[in-house]
Amino acid sequence: MITPGEYLSFLDARLPGLVAGAHLYGSRVLDDLVPDSDLDIVIELSSAAEVPAFEGADVAVVLAGSLEKPVFDVTPLAGEITPVLWQQLRTVGQTVRGARPTCPGTAADVEDYCRTNLVSYWKVDFDRLREVLPSLDLAAPIPRESLLWVGLGPARLWHTIRTGEIVSKSRAGELAAARWPDLPVLDLVASRRGADVPLTVAHAQASLELFDRIMADVTA
């Protein structure tokens, strides 16, 4: 697993003197670090340049000073900038180079983004899953990473819409399991944390049911 120091050394060797700021978000600051976690990091450059790819690093790049602006006023040099990212940097993010940013924004911005993302991104994927599930054997194994992504991702948005709090995938799964204990969401949480839990098409079916319940809950 790559460390922030290793990644910054990689960048400094290729972009000498340009990396003015670096800020962590995601699993490393949400107490949900697992062996295959990416390094989620926002890089501030003192001038525009192409940041080379690095396996295991999920990188957003902005010009230095951009993190003091509202998210809607920022054009990233690379990666995606969202109100949820802005709130993480503002509240739980960890600065490993440069000054801690203010990342101005509102709770309404975050909620609107989460509601829109449930429909514009997640609903599209689950509609596809809804079409293919009837033809699949419920006992058949299913790719772990894909299932953890669809099974835990919407739960994070659901919790943020309800409370304004941004939590990790694992914590979101625990909260969803507490709300809907008849669904095997804790199997996904255990698998994410390294337990040897067989994941099958039945878990994908449960993930679809969870998504439908989340949509009903946030639109009630």
Side-chain angles (χ1 to χ4, degrees), residues 1-107 109-110 113-114 117 121 143-146 148-150 152-153 156-157 160 164-173 189 191-194:
M1 183 189 306
I2 182 177
T3 68
E6 289 169 340
Y7 182 64
L8 286 176
S9 294
F10 166 81
L11 285 187
D12 287 338
R14 289 154 180 81
L15 302 172
L18 291 187
V19 181
H23 315 277
L24 304 180
Y25 68 101
S27 58
R28 292 172 193 252
V29 299
L30 293 171
D31 195 26
D32 194 32
L33 196 62
V34 297
D36 55 356
S37 291
D38 285 341
L39 174 69
D40 298 310
I41 191 166
V42 177
I43 296 296
E44 294 183 86
L45 295 183
S46 55
S47 62
E50 183 176 351
V51 172
F54 193 101
E55 184 176 358
D58 183 7
V59 186
V61 184
V62 298
L63 286 175
S66 295
L67 302 183
E68 307 305 317
K69 303 176 183 178
V71 63
F72 305 109
D73 294 341
V74 178
T75 301
L77 300 176
E80 184 180 15
I81 298 295
T82 72
V84 170
L85 170 57
W86 239 233
Q87 180 162 311
Q88 283 195 63
L89 295 180
R90 183 170 63 248
T91 57
V92 297
Q94 179 184 348
T95 294
V96 293
R97 180 176 295 180
R100 183 175 178 83
T102 60
C103 297
T106 68
D109 293 337
V110 175
Y113 171 80
C114 290
N117 192 251
Y121 178 81
R144 173 180 173 273
E145 288 304 319
S146 298
L148 295 184
W149 176 254
V150 300
L152 299 175
R156 298 183 74 188
L157 301 179
T160 299
E165 181 187 21
I166 295 174
V167 296
S168 69
K169 293 184 181 73
S170 296
R171 181 57 180 153
V189 176
S191 178
R192 172 172 169 77
R193 289 175 171 166

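In this chain, residues are counted from 1 in sequence order. For the numbers below, each heavy atom of this structure counts, side chains included, while hydrogens, waters and symmetry mates do not.
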Exercise. Under 3.5 Å, is there a donor-acceptor pair between the side chain of Glu6 and the main chain of Thr3?
Worked result: yes
Exercise. Backbone N or O of Val34 within a donor-acceptor pair of the Ser37 side chain at under 3.5 Å?
Worked result: yes
For this session: Verify, without hydrogens or angle tests, whether Gln88 (side chain) and Leu24 (backbone) share a donor-acceptor contact under 3.5 angstrom.
Result: no
Exercise. Taking the side chain from Arg28 and the backbone from Pro4, do they hold a donor-acceptor pair closer than 3.5 Å?
Worked result: no
Problem set entry | Pairwise distance OG1(Thr82) to OH(Tyr113) - rounded to 0.5 angstrom | 4.5 Å
Problem set entry | Expected output: side-chain Arg90 to main-chain Cys103 donor-acceptor under 3.5 Å | yes
Exercise. With distance as the sole test, does Arg97 use its side chain to make a donor-acceptor pair with the main-chain N or O of His23 at under 3.5 Å?
Worked result: no
For this session: Scan Leu77, Val62, Val59, Leu18 and name whichever one has a side-chain contact (heavy atoms from CB on, under 4.5 Å) with Ile43.
Result: Val59
Problem set entry | Trp86 (side chain) donor-acceptor with Lys69 (main chain) under 3.5 angstrom | yes
Problem set entry | Donor-acceptor pair between Asp109 and Thr106 side chains, under 3.5 angstrom | yes
For this session: For the pair Met1 and Leu39, evaluate side chain to side chain contact (heavy atoms under 4.5 Å, CB included) and give the outcome as yes or no after the intermediate values.
Result: CA-CA 8 Å; Met1 183 189 306; Leu39 174 69; over 6 Å; no
For this session: Kindly determine whether Val92 and Ile166 satisfy side chain to side chain contact (heavy atoms under 4.5 Å, CB included), including the steps that lead there.
Result: CA-CA 9 Å; Val92 297; Ile166 295 174; over 6 Å; no
Exercise. Taking everything shown except Asp36 itself, do over 12 heavy atoms lie less than 6.0 Å from its CG?
Worked result: yes
Problem set entry | Side-chain donor or acceptor of Glu44 paired with backbone N/O of Ala22 under 3.5 Å | no
For this session: Please determine, by modelled atom types, if Ser170 and Arg192 share a side-chain donor-acceptor pair under 3.5 angstrom.
Result: yes
Problem set entry | More than 12 heavy atoms from other groups under 6.0 Å of CD on Glu50 | no
For this session: Could you give me the CA-CA distance, side-chain angles and deciding distance for Leu89 and Gln87, then say whether side chain to side chain contact (heavy atoms under 4.5 Å, CB included) is met?
Result: CA-CA 5 Å; Leu89 295 180; Gln87 180 162 311; over 6 Å; no
